[in-house]
Number of protein chains: 2
Amino acid sequence: MATTLADVAREAGVDISTVSRVLRDDKTQRVAARTRQRILDVVKKLNYQPNAVARALRLARSRTIGIVVPQLDNPVFAEIIAGAEHAAAELGYSLLISHRTRSSDDSDLFRRLVNTNRVDGLLVVSFDEDMQLIQDFQGVEVPIVVINRKIESMSCCVYHNSYKAAQLATNHLIDLGHRQIVHLAGRGGGFNARLRWNGYRDALTLRGVPYDEALVRTVGYAAEDAATATRVLIENSNVLPTAIFAATFLTAAGAMRSLHEMGIPMPDEISVVGIHDAEFALILYPTLTTVRMPNREMGRRAALALCDILSGKNVDSEIVLEPEQLMLRNSTGPCRQG
Amino acid sequence: MATTLADVAREAGVDISTVSRVLRDDKTQRVAARTRQRILDVVKKLNYQPNAVARALRLARSRTIGIVVPQLDNPVFAEIIAGAEHAAAELGYSLLISHRTRSSDDSDLFRRLVNTNRVDGLLVVSFDEDMQLIQDFQGVEVPIVVINRKIESMSCCVYHNSYKAAQLATNHLIDLGHRQIVHLAGRGGGFNARLRWNGYRDALTLRGVPYDEALVRTVGYAAEDAATATRVLIENSNVLPTAIFAATFLTAAGAMRSLHEMGIPMPDEISVVGIHDAEFALILYPTLTTVRMPNREMGRRAALALCDILSGKNVDSEIVLEPEQLMLRNSTGPCRQG
DNA sequence: GTGAAAGCGCTAACAG
DNA sequence: CTGTTAGCGCTTTCAC
């Protein structure tokens, strides 16, 4: 079986406690240089790796953090996980992944993960408007970092500046001369959805473009719903909008499909911009102008914050990430009806 | 702190071993019904949850399996993970996720995960043509299940019938009257790439359509490369192909973008079909005809197989998953030049 | 500087 | 039927 401290100790002719001291580089208790070297040699020779489980039991800390996501087949969440995994690995933590659907009423998930001592802390990625979440945090006794949304009662939240992102997108359209700008908004009550809507509204107002609520459609985050809403909107318009600002990548793409189907050329007749960049923005025709959001960074920062908390450091209770940049592509162009 | 066996035992007025017996439902040693009930009551009252770490140390089994993926921001891998997580959770296993890039030469990853006793077994998702992989398995002493490819020396591999999938796609095009069918193939040497190419070739041959190697372009798996290849191919063709069979979803989309840019209407002039379905197939214009592959199921079957191995059961050394079905959409249509 | 020993929470013989 | 006991591999006080 795997080599243990005892194996190393026997081979080096010392006690296991000495080996342990050397391995953990204990500052308070010095070990003779010769002994230390001998032990190090044996460790290398036997390729000894400490048993993480035994250590976890002894220290009551597993050096594992859990990440709970609402869904996996969503590039945004996947990027968050990637960022978290990277940061965790760098700090010597492992990442336990767990999945929590809104339907499966698994209100015990957090407590199970935690009380069985599997994880030292929790990263929870939230859907925009999952209210159940807050209740489920009750009675969980490890630090939790919330990702993708602010929750007042939680001690640390990492999220995007969606307000700013929306302004970037909207200003881009205004700069191009657009005045009739449709907003395909996320689900009502959603944290990011609301901020994006506000950012859109304020960007218009600040630049002297009248804000018309009739141009806003709450479509949620599904491509299909965005496609339908776009069709309805266009078919019932007296004066055709010249641009669409979609709250997410998927809804932007859904809108584009409808425009294609109706034979409306982009960006000649209508420009489209969405929030969240992805490789998929490049496979669309025309390639989609987006506001790139630092999703990986969000996962990374959250993991770093959690590990900081676990080492007793203080962390900011809110970490807000600014949008990376406007990715200028071919779906937006100057307004021809200006 | 968390309640322990001792807490329960004290409260119920019995020994901890008795509590342990009741909780693990030990068949060999019976416990008096009254005692059992009393213990169960206390367990519920104190909301006792066994300490997984202590159990893992004692049993030398963590009930955790690791999954190693080459990248996360890829819907195919995300679906595999989702399937694996689900199955693992159902069997009472946790999933430790780990990331292994081809660049970061982390040949120690597997051994580290395993030797520190974190995981009882490993699920390894392979890129199509990562040869390094096989060496890195050396010296890993837990069961490994390989996903997405067959490796002769490994005891259990779960993968798609890519050959059949390619035939489905190709036959579909042939049925529509196409004869000049381009194949955008995956990277040379790739397991799935080769099977798809073979499936394409054999489908043509079986139906009496001449196989012309000049119609095959090895473009790998990047949308951009597929887009470029498509452009070059079309521009240099004397006789225009009437259909494109792309080895993956992303390359199909890349080809579509090029066709759009060249003003070639789909499916009127050229039909396009790809392997691997995703929500993204529906946001393309036209919506993309695909062969849906059971990615989730692949993850699920792999996790089940691994857990079976861990419980000492025998499992098939190869689990081959058939393509789910052809998802007929708007990117393919009858050949007009027939 | 190094060793001895206790104990993290649990399971599994072995007694009784 | 139930209790006693010996560890799993490690860290950490306390001795010497």
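First the proteins, then the strands, lettered A, B, ... as listed; each starts at 1. Note that these values count all heavy atoms, side chains included, but never hydrogens, waters or copies made by symmetry.
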> Rounded to the Å, how far apart are B:Asp120 CG and D:dC8 C1'?
Replying inline: 14 Å
> Which whole-number value in Å describes the distance from B:Arg55 CZ to C:dG9 C1'?
Replying inline: 11 Å
> Does B:Val31 reach the side chain of B:Thr18, with side-chain heavy atoms less than 4.5 Å apart?
Replying inline: yes
> For A:Val14 and B:Arg24, take the nucleotide of DNA chain C holding the closest heavy atom to each; which residue's nucleotide lies nearer the 5' end?
Replying inline: A:Val14
> Could you give the CG-to-P distance, from A:Leu46 to D:dG9, as a whole number of Å?
Replying inline: 15 Å
> Which of these, B:Leu96, B:Val119, B:Leu122, B:Leu310, sits in a side chain to side chain contact (heavy atoms under 4.5 Å, CB included) with B:Ile65?
Replying inline: B:Leu310
> If you pin B:Ala54 and B:Gly13 to their nearest nucleotides in DNA chain D, which one's is more 5'?
Replying inline: B:Gly13
> Which part of the nucleic acid does B:Leu59 contact within heavy-atom distance under 4.0 Å: base, sugar-phosphate only, or nothing?
Replying inline: sugar-phosphate
>> Without decimals, in angstroms, what is the distance between A:Arg61 CZ and D:dC10 C1'?
In response: 15 Å
> To the side chain of A:Thr35, which of C:dG1, D:dG3, D:dC10 is closest?
Replying inline: C:dG1
> Could you give the CG-to-P distance, from B:Asp15 to D:dA6, as a whole number of Å?
Replying inline: 14 Å
> Ignoring hydrogens and angles, are the base of C:dG1 and the side chain of A:Arg34 linked by a donor-acceptor pair under 3.5 Å?
Replying inline: no
>> From the set C:dG3, D:dT4, D:dG9, return the single nucleotide nearest to any side-chain atom of B:Ser17.
In response: D:dT4
> Taking OP1 and OP2 of C:dG9, is either one under 4.0 Å from a side-chain nitrogen or oxygen of B:Tyr48?
Replying inline: no
> Think A:Thr4 has a side-chain N or O under 4.0 angstrom from the OP1 or OP2 of D:dG9?
Replying inline: no
> Could you state the CZ-P distance from B:Arg10 to D:dG3, rounded to the nearest angstrom?
Replying inline: 14 Å
>> Taking donor-acceptor contacts at under 3.5 Å, does the side chain of A:Arg36 reach the base of C:dG1?
In response: no
>> Does either side chain, that of A:Asp120 or that of A:Ser62, offer a donor lying less than 3.5 Å from an acceptor on the other one?
In response: yes
> Can you say whether the rings of B:Phe191 and B:Tyr159 are parallel (under 30°), tilted (30 to 60°) or perpendicular (over 60°)?
Replying inline: perpendicular
> Of the nucleotides D:dT13, D:dG3, D:dG9, which one has an atom closest to the side chain of B:Arg21?
Replying inline: D:dG3
>> Between A:Ile16 and A:Ala32, which residue's closest nucleotide on DNA chain C lies nearer the 5′ terminus?
In response: A:Ala32
> When the distance from CG of A:Asp7 to P of D:dC8 is rounded to whole Å, what number comes out?
Replying inline: 11 Å
> Do you know the tightest heavy-atom contact between A:Ala12 and A:Ile39?
Replying inline: CB-CG1, 4.2 Å
